[in-house]
Amino acid sequence: MFNFEKLEVWQKSVKFTNMVYEITEKFSKDEVFGVTMQLRRASASIALNIAEGSGRKSRKEFAHFLSLSYGSICEVITLLKIGLARNYISQQTYELMYKECEDIARMISGLSTSLNTKH
């Protein structure tokens, strides 16, 4: 088992990406190369950056990749808002996914803080 696989934030991010794939299956087929693909890529990027960062040699590098992960969460939220405005997702789905993003963001922030405070 790789170290990142033990991280709860990575596990939650992978589950979140699977949720995104499920909801985007219902998006308009016209959006396959637009919002759908971008939302999938941004959600996958959250877990991918956590994994890549954990494999780096320093805490500083890991913290950088956590920052990239956080940026991907911001992209996801924006794309979910677009999906809501286009009626691709319901308000309830938007709120559920938004809450997941908040939880993951909080976990990333906590991990980043712990990396910066350890000596």
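In this chain, numbering begins with 1 at the start of the sequence shown.
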**OP:** Mind running side-chain contact (heavy atoms from CB on, under 4.5 Å) on I50 and L66 for me, showing each step along the way?
**Re:** CA-CA 6 Å; I50 293 167; L66 290 175; 4.0 Å; yes
**OP:** Taking the side chain as every heavy atom from C-beta outward, state whether Q38 and E75 have any pair of such atoms under 4.5 Å apart.
**Re:** yes
Subject >> Candidate pair R86 and V35, rule side-chain contact (heavy atoms from CB on, under 4.5 Å), full reasoning >> reply: CA-CA 10 Å; R86 309 270 319 150; V35 174; 6.0 Å; no
Original post:
Given a cutoff of under 4.5 Å between side-chain heavy atoms of I, L, V, M, F, W and Y, with clusters grown through shared members, what are the other residues clustered with F65?
Top reply: L68
**OP:** Answer yes or no: does atom CZ of F27 have more than 12 heavy-atom neighbours from other residues, nucleotides or ligands under 6.0 Å?
**Re:** yes
Original post:
Can you tell me how far CD1 of I104 sits from OG of S69, rounded to the nearest 0.5 angstrom?
Top reply: 9.0 Å
Subject >> salt bridge (charged side-chain N to carboxylate O under 4.0 Å, His left out) partners of K57, counting only residues at least two apart >> reply: none
Original post:
Any donor-acceptor pair under 3.5 Å linking the side chain of S67 with the backbone of A63?
Top reply: no
Original post:
At their closest point, which heavy atom of A47 faces which heavy atom of W10, and how far apart are they?
Top reply: O-CD1, 3.4 Å
**OP:** Establish whether L48 and I73 are linked, either directly or via other cluster members, by ILVMFWY side-chain heavy-atom contacts under 4.5 Å.
**Re:** no
Subject >> From NE2 (H64) to OG (S58), nearest 0.5 Å >> reply: 10.5 Å
Original post:
What are the two closest heavy atoms between T36 and S28, and how far apart are they?
Top reply: OG1-O, 4.4 Å
Subject >> Atom OH of Y98: over 12 foreign heavy atoms under 6.0 Å >> reply: no
Original post:
Between L80 and I89, is any pair of side-chain heavy atoms under 4.5 Å apart?
Top reply: yes
Original post:
Got a sec, which residues hit ring pair (Phe, Tyr, Trp, His ring centres under 6.0 Å) with F62, two or more places apart in sequence or on another chain?
Top reply: none
Original post:
Could you state the interatomic distance from OG (S112) to CZ (R59), rounded to the nearest 0.5 Å?
Top reply: 12.0 Å
Original post:
Taking atom CZ of R40 as the centre, does the number of heavy atoms from other residues, nucleotides or ligands within less than 6.0 Å exceed 12?
Top reply: yes
**OP:** State the CG-OH distance between D30 and Y88, to the nearest 0.5 angstrom.
**Re:** 7.0 Å
Subject >> Contacts of E5 that satisfy salt bridge (charged side-chain N to carboxylate O under 4.0 Å, His left out) - sequence neighbours left out >> reply: none
Original post:
Under 3.5 Å, side chain of S13 to main-chain N/O of V9, donor-acceptor pair present?
Top reply: yes
**OP:** State, yes or no, whether a side-chain contact exists between M97 and V20 at a heavy-atom distance under 4.5 Å.
**Re:** yes
Subject >> Shared hydrophobic cluster for I23 and I82 (ILVMFWY, side-chain gaps under 4.5 Å) >> reply: yes
Original post:
R56: what forms a side chain to side chain donor-acceptor pair (under 3.5 Å) with it, not counting sequence neighbours?
Top reply: E52
Original post:
Considering residues at least two apart in sequence or located in another chain, which fulfil the ring pair (Phe, Tyr, Trp, His ring centres under 6.0 Å) criterion with Y21?
Top reply: none
Original post:
Which value, rounded to the nearest 0.5 Å, describes the distance between K99 atom NZ and Y94 atom OH?
Top reply: 14.5 Å
Original post:
Roughly how far, to the nearest 0.5 Å, is the OG1 atom of T24 from the CD atom of E31?
Top reply: 11.0 Å
**OP:** Could you tell me whether the side chain of S109 and the main chain of R106 form a donor-acceptor pair under 3.5 Å?
**Re:** no
**OP:** Would you name the heavy atoms of S72 and N49 that are closest together and state the gap between them?
**Re:** OG-ND2, 4.2 Å
Original post:
Is any side-chain heavy atom of Q91 less than 4.5 Å from a side-chain heavy atom of E95?
Top reply: yes
Original post:
Do D103 and K12 come within less than 4.5 Å of each other through their side chains, counting heavy atoms only?
Top reply: yes
Original post:
Do S43 side-chain atoms and L39 backbone N/O form a donor-acceptor pair below 3.5 Å?
Top reply: yes
